[in-house]
Protein chains: 2
Amino acid sequence: MAQILENINKIVTLSPEEELLFLSKIEIKTYKAKTVLVNAGEISQYSFFVNWGLLRSFNINDNIVEHVLSFACEGWWIGDMYSLISQKPGNLFIEVLEDAEVVLLSRENQNELFTQIPKLERFFRILTENSLVAHQERLMDNLSLTAEERFDKFCKRYPTIIQRVPQKQIASYIGVTPEFFSKMKSRLLKK
Amino acid sequence: MAQILENINKIVTLSPEEELLFLSKIEIKTYKAKTVLVNAGEISQYSFFVNWGLLRSFNINDNIVEHVLSFACEGWWIGDMYSLISQKPGNLFIEVLEDAEVVLLSRENQNELFTQIPKLERFFRILTENSLVAHQERLMDNLSLTAEERFDKFCKRYPTIIQRVPQKQIASYIGVTPEFFSKMKSRLLKK
DNA sequence: ATTTGTACTTAACCTAGATTAAGAAAGTAA
DNA sequence: TTACTTTCTTAATCTAGGTTAAGTACAAAT
């Protein structure tokens, strides 16, 4: 039930009172697959932590092509950070891919918690640092690796995701069309 | 002299004593152009804040091609975040492009400051959040925009950088070869 | 059971950008 | 001032990956 506390306590140590305070600030909801939690154009109010199930964030460009920014399964956070921190309309959609139980933490509550429990600000500071490093690496990979190499890295890094999402979404994540992904895959199988 | 304090006070408010404590934890150095502050393969110990001058971070892939991750001029931070937080050998080089005065903040001192002055942890949390958002956008841009559109965005976002660095490094930042960049540029001039 | 939609494949053709190579500018060092 | 190095340009050729289009394989919905 409180696996989110477990997740937090891997990085900082909350006292029982702090844990209670934290729990009083969150909501838990379950969603069916295909539910859209955040729409582009809206101002985001929530970060999401996945207890179980699977979500993704993506944008849609002018040519009506989707690009997957991230997947989030058990134990991962997801949100439209740009909209959350700027409080301007975001560019991301966040959608449920598999029925999911999700912890909702509102921006206001999060900011209150930051002053009430500095250790939580540390937790999110570290979380954000790790996310930044991952994005920097993905950016450099997109600049210097081939699609095949990016796919290879994706498989090693997120072996469980591959079984769980339609392959066109993996194609989108690594930055190729579904058609090319299919061609590449059959090429790899021949080896 | 203390423009770094000005920079911090735009986001959080330090008391005079906190400012003094902070100043006691940093070093200021000047470097000549072409100095390399961080080498790939080394474990990074410092974050850098640019008082004046210009730095860049980049990596070199297996084919000996450079890819610029970021530029940093007056008022910007730069560092090899991956190596700093993991304390493993990094993949980045950080190099001085124009003679520069730089504030050095060691990882140890930064961590001490985080506990001594929680507001500083907030400052860096917000800084990291903003950087993450910028990297997310750049990632999506690389997936969905043409080289020309990325160049256009770069010009609007960093108008001063263009005058100051060799164009092959802008090419590298937006993710094209110098030859293609040159072709694209002359194509744009004809319009 | 049949339609409807969504995911995946295959193949022909196309293009943005890479590669290779060579020369012109321009900065730097002696 | 000359020589050396680095940057930039131009042009021919090449390729990773995109586009278009048609067909297949399932699910899910009626």
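Quick note: numbers below take in every heavy atom, side chains included, and nothing from hydrogens, waters or symmetry partners.
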*Residue closer to the 5' end of DNA chain D, B:Lys168 versus A:Val176 (nearest nucleotide)*: B:Lys168
*asked:* Looking at B:Arg187, I'd like to know whether one of its side-chain N or O atoms comes within less than 4.0 Å of OP1 or OP2 on C:dG17.
replied: no
*Rounded to whole angstroms, how far apart are CD on A:Gln169 and P on C:dA7?*
7 Å
*Is the A:Phe71-A:Trp76 ring centre distance short of 6.0 angstrom?*
no
*asked:* Please tell me whether B:Glu19 and B:Asn9 have a donor and an acceptor in their side chains that are separated by less than 3.5 angstrom.
replied: yes
*May I have the distance from B:Ile174 (atom CD1) to C:dA18 (atom P), rounded to whole angstrom?*
9 Å
*For the residue pair B:Arg122 and A:Arg125, establish whether any side-chain heavy-atom pair is separated by less than 4.5 Å.*
no
*Pairing residues for A:Glu66 by the side-chain hydrogen bond (donor to acceptor under 3.5 Å, both in side chains) criterion, not counting sequence neighbours*: A:Arg56
*What string of B, S and - do you get for nucleotides 22-30 of chain D, 5' to 3', when a contact is any protein heavy atom under 4.0 Å?*
---------
*Going by heavy atoms in the side chains, are A:Val103 and A:Asn51 under 4.5 Å from each other?*
yes
*Taking the six-membered ring where the residue is Trp, are the ring centres of B:Tyr173 and B:Phe58 under 6.0 Å apart?*
no
*Give a yes/no answer on whether the side chain of A:Gln167 brings an N or O atom under 4.0 Å of OP1 or OP2 in C:dT9.*
yes
*Nearest-nucleotide comparison on DNA chain D, the residue closer to the 5′ end among B:Ser186 and A:Gly175*: B:Ser186
*asked:* Looking at D:dG18, I'd like to know if its phosphate oxygens (OP1 or OP2) sit under 4.0 Å from a side-chain N or O belonging to A:Thr177.
replied: yes
*For D:dT9, take OP1 and OP2 only and decide whether either is under 4.0 Å from a side-chain N or O of B:Lys185.*
yes
